[in-house]
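These figures come from a predicted structure and were not determined experimentally.
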Amino acid sequence: MTREFTGWHMLALMLGGFGIIVAVNLTLAYNAVATFPGVETRSAYLASQQFEANRAAQDALGWDVAASLTGGMLTVAITDRDGNPVQAEVTRATFGRATHTGQDTVPAFTWNGHAMTAPVTAGDGYWNLRLELLAPDGTQFRRRFPLTAE
């Protein structure tokens, strides 16, 4: 005796199959989000509350800051509104890849009269310089520079 295959049987098969697909995708999504490092700040809420004030203070400095990576030499050039070089105190600097924190290094910057330079070991590809400077008036200057090794 064979049973008749009805629409209810098909519905049960479809719901079971799609239930498995949804469960697997939710599990994968949860595990992916759980391993994401998140924003590069200790508290995203606090950073968002202070962002406009920090940006206004940085803009008031009138600095033009540029970073470059050429031949194993990392250069950070800062100029004021008049184009004169500015020497600022480096409070924190991290040089590394955006995706691999195991390769992060702390560059030892020296002032050469025009810019701050530091020797670094960088392979081919994309690198980041996360830089925090202290202006002579006490203003904190923070910026991330994407760089490409040549």
[Y] side chain reached by [X] side chain, heavy atoms, under 4.5 Å:
X	Y	result
R3	H9	yes
V76	V65	yes
L147	Y126	no

Does Y30 have more than 12 heavy atoms from other residues, nucleotides or ligands lying within 6.0 Å of its OH?
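At most 12 heavy atoms, drawn from other residues, nucleotides or ligands, come within 6.0 Å of this atom.
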Looking at H114, I'd like to know if its NE2 atom is crowded, meaning that more than 12 non-hydrogen atoms belonging to other residues, nucleotides or ligands lie closer than 6.0 Å.
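Atom NE2 in H114 is not crowded, with 12 or fewer foreign heavy atoms closer than 6.0 Å.
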Quick one: [atom1] on [X] to [atom2] on [Y], what's the gap to the nearest 0.5 Å?
X	Y	atom1	atom2	value
L69	T148	CG	OG1	8.5 Å
R92	R130	CZ	CZ	10.0 Å
R81	T79	CZ	OG1	11.0 Å
I78	L61	CD1	CG	10.0 Å
L131	F109	CG	CZ	6.0 Å

Evaluate side chain to side chain contact (heavy atoms under 4.5 Å, CB included) for W8 paired with M10, printing each intermediate quantity in order.
CA-CA 5 Å; W8 290 109; M10 186 64 189; over 6 Å; no
Is it possible for you to say whether [X] and [Y] belong to one hydrophobic cluster, with membership spreading through side-chain heavy-atom contacts below 4.5 Å?
X	Y	value
F141	W111	yes
L13	V22	no
I20	M14	no

Does D104 pair with R97 as a salt bridge, N-O distance under 4.0 Å?
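Looking at D104 and R97, the cut-off is not met.
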Checking [X] side chain against [Y] main chain: does a donor-acceptor pair fall under 3.5 Å?
X	Y	answer
T91	E132	yes
T139	A135	no
N84	D80	no

Parallel, tilted or perpendicular: ring planes of F95 versus W127, cut at 30 and 60 degrees
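Parallel.
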Candidate list L74, T110, L133, V86, test side chain to side chain contact (heavy atoms under 4.5 Å, CB included), partner M116, passing option
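For M116, the side chain to side chain contact (heavy atoms under 4.5 Å, CB included) test succeeds with only one of L74, T110, L133, V86, which is L133.
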